[in-house]
Novice: 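Pasting a structure below so you can have a look.
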Amino acid sequence: MTTPVAADRFPPQLHVFVRDWLSANNILLKSREGHVLIDSGYTRHAPLTLALLASPRGLGEAPLALLVNTHCHADHVGGNAAIVKRYACPVAVPAAEAPLVERWDGKALLYDYCDQRIDRFSVDRGLVPDTSYVWGDLEWQALAAPGHDMGALVYYNAANGILISGDALWEHGFGFVMPPEVDPAALPATRATLDLLAHLDIQVVIPGHGEPFTGIEAALDRAWTRLNAFEADSLRVARHALKVNLMFSLLDRQRMAVADMPEYMERVGIYREFNALFFRMRPADLAALLIGELDRSGAARVSDGWLEPAPA
């Protein structure tokens, strides 16, 4: 089994701010050479991200030397613009993602395509796979981790066996993956990434979402089990991707009118295109399918005509 990790398990210069499913975790690496933050959360939560950074456990009044991202999905880079405005620091993203950000490709980055709100930011540096970087007086190897995001990187510190995994590996799975009819490389890339991680000496994982954990073998087994199921059923992959994205939008907005959901299914690209490719339903029926599955899973509920996140 995996085990939650106490803060004293990490080197003293490494601090993890565990967030939620709307904002990715923030990892602060302190050093006399300059403090580095990895991932900035979602735009809606940017004020809290800034407050955490300014807290005594964060930077206090100290400057931030560099903002790094594991990948460029909105829940990992949504606070970038606010942090740059506050700290005037450069932004470093995976090199494969930099051109997408530069042209602000709302479909490839899933911003417009998935109806995710984000403030625009600029990239100053591209981070190259199989290259080592020193952040927080620790050496981190950037490793390509495609699958959930085809340009993603994970950051591995071999000396302490620490993996900053982004959405490539969570305690119970990984970030949603595009079905093979949309991106035939995504599922094979996910398997290659999990196989890569299995060959590293990892003692503790700091995931993009959820508490840091140990027990890498159990987490990988769960991830492979999910991947096996996905590889066997494209429709399951597509349905999962839509449910995850709808739940993300619901967490952002806090409630969505059920009566508006058919129009939403037609207006937002991922639902419209997936429906045409996989489900071939009336938009109202697709909305009912997704709402029903979120309700049955306990993630959301319908109350007085509104779809709302289930109480914690």
Side-chain angles (χ1 to χ4, degrees), residues 1-11 14-27 29 38-39 41 68-71 73 75-76 94 129 138 140-179 185-233 236-237 240-241 243-245 247-248 297-299:
M1 292 182 63
T2 55
T3 305
V5 178
D8 60 9
R9 177 69 181 267
F10 295 119
L14 190 158
H15 304 265
V16 181
F17 295 99
V18 177
R19 304 298 292 274
D20 57 15
W21 292 102
L22 191 60
S23 282
N25 294 336
N26 315 129
I27 302 98
L29 296 159
I38 299 180
D39 285 344
V68 169
N69 296 118
T70 55
H71 61 292
H73 287 166
D75 53 330
H76 291 255
L138 300 168
W140 299 91
Q141 186 178 11
L143 300 171
H148 166 66
D149 180 291
M150 296 304 287
L153 296 174
V154 298
Y155 304 114
Y156 174 59
N157 173 244
N160 295 282
I162 300 172
L163 178 74
I164 298 173
S165 65
D167 289 344
L169 179 68
W170 300 335
E171 186 175 5
H172 297 283
F174 44 81
F176 81 90
V177 179
M178 288 295 181
L187 286 173
T190 301
R191 182 168 293 280
T193 291
L194 295 177
D195 291 346
L196 168 70
L197 300 183
H199 286 89
L200 300 177
D201 181 15
I202 300 170
Q203 301 301 312
V204 58
V205 178
I206 305 172
H209 302 272
E211 296 281 346
F213 61 88
T214 60
I216 181 71
E217 295 85 1
L220 283 169
D221 284 344
R222 285 189 287 270
W224 276 314
T225 297
R226 171 170 289 189
L227 180 59
N228 291 340
F230 282 171
E231 289 172 334
D233 187 352
R236 180 172 181 170
V237 183
H240 176 72
K243 286 190 297 183
V244 167
N245 278 282
M247 193 64 210
F248 186 88
S297 72

Novice: Less than 4.5 Å apart, any side-chain heavy atom of D39 and any of F17?
Specialist: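 No; the side chains remain at least 4.5 Å from each other.
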Novice: Are any side-chain N or O atoms of T214 and backbone N or O atoms of Q203, one a donor and one an acceptor, separated by less than 3.5 Å?
Specialist: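 No, the answer is negative, given that no donor and acceptor are paired below the 3.5 Å cut-off.
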Novice: Say you draw a straight line from NE2 of H240 to CG of N245; how long is it, rounded to the nearest 0.5 Å?
Specialist: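 That separation rounds to 9.5 Å.
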Novice: Would N160 and F10 satisfy side chain to side chain contact (heavy atoms under 4.5 Å, CB included), going step by step from the backbone distance to the final call?
Specialist: CA-CA 8 Å; N160 295 282; F10 295 119; over 6 Å; no
Novice: Among L163, L14, I202, L138, find the one that has a side chain to side chain contact (heavy atoms under 4.5 Å, CB included) with N157.
Specialist: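 For N157, the side chain to side chain contact (heavy atoms under 4.5 Å, CB included) check succeeds only for L138.
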Novice: Can D201 and Y156 be said to form a side chain to side chain contact (heavy atoms under 4.5 Å, CB included), step by step?
Specialist: CA-CA 10 Å; D201 181 15; Y156 174 59; 3.8 Å; yes
Novice: Could you go step by step and tell me if T190 and F230 meet the side chain to side chain contact (heavy atoms under 4.5 Å, CB included) rule?
Specialist: CA-CA 11 Å; T190 301; F230 282 171; over 6 Å; no
Novice: Might you point out which heavy atoms bring S165 and V205 nearest each other, and give the distance in Å?
Specialist: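 The pair with the smallest heavy-atom distance is OG-CG1, 3.5 Å.
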Novice: Give the minimum heavy-atom separation between W170 and A219, together with the two atoms involved.
Specialist: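 Shortest heavy-atom separation between W170 and A219 comes out as O-CB, 4.0 Å.
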Novice: Would you mind telling me which of N25, I164, I27 makes a side chain to side chain contact (heavy atoms under 4.5 Å, CB included) with T70?
Specialist: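 Among the candidates, only I164 passes.
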Novice: Walk me through it: do V244 and W21 pass the test side chain to side chain contact (heavy atoms under 4.5 Å, CB included)?
Specialist: CA-CA 10 Å; V244 167; W21 292 102; over 6 Å; no
Novice: Would a distance-only check, ignoring hydrogens and angles, find a side-chain to backbone donor-acceptor pair under 3.5 Å from D75 to G41?
Specialist: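 Such a contact is absent between D75 side chain and G41 backbone.
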Novice: Side chain of R222, backbone of E171: donor and acceptor closer than 3.5 Å?
Specialist: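 Checking the backbone N and O of E171 against the side chain of R222, a donor-acceptor pair under 3.5 Å is found.
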Novice: Search all heavy atoms of V18 against all heavy atoms of G210 and return the closest pair with its distance.
Specialist: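 Closest approach of V18 to G210, heavy atoms only: CG1-O, 4.0 Å.
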Novice: Throw together a table of side-chain donor-acceptor distances under 3.5 angstrom for residues 147-154, partners on residues two or more places apart or in other chains.
Specialist:
{"from": "H148", "atom 1": "ND1", "to": "F176", "atom 2": "N", "distance (Å)": "3.3"}
{"from": "H148", "atom 1": "ND1", "to": "F176", "atom 2": "O", "distance (Å)": "2.6"}
{"from": "H148", "atom 1": "NE2", "to": "H73", "atom 2": "ND1", "distance (Å)": "3.0"}
{"from": "H148", "atom 1": "NE2", "to": "D167", "atom 2": "OD2", "distance (Å)": "3.3"}
{"from": "D149", "atom 1": "OD1", "to": "G151", "atom 2": "N", "distance (Å)": "2.8"}
{"from": "D149", "atom 1": "OD1", "to": "A152", "atom 2": "N", "distance (Å)": "3.1"}
{"from": "D149", "atom 1": "OD2", "to": "H73", "atom 2": "NE2", "distance (Å)": "3.1"}

Novice: Per the side chain to side chain contact (heavy atoms under 4.5 Å, CB included) rule, which among L169, D221, L200, L197 passes with I216?
Specialist: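 Among the candidates, only L169 passes.
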Novice: Give me the atom names and distance for the closest heavy-atom approach of R191 to N228.
Specialist: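 That would be NH2-OD1, 2.6 Å.
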Novice: Return the minimal non-hydrogen interatomic distance between A198 and L220, and the atom names on each side.
Specialist: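 Heavy-atom minimum between the residues: CA-CD1, 3.6 Å.
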Novice: Please give me the minimum heavy-atom distance between P212 and V16, naming the atom from each residue.
Specialist: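 Where P212 meets V16 most closely, the heavy atoms are CG-CG1, 4.2 Å.
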Novice: Does the ring center of H209 lie less than 6.0 Å from the ring center of H76?
Specialist: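 Close enough - the centres of the two rings lie under 6.0 Å apart.
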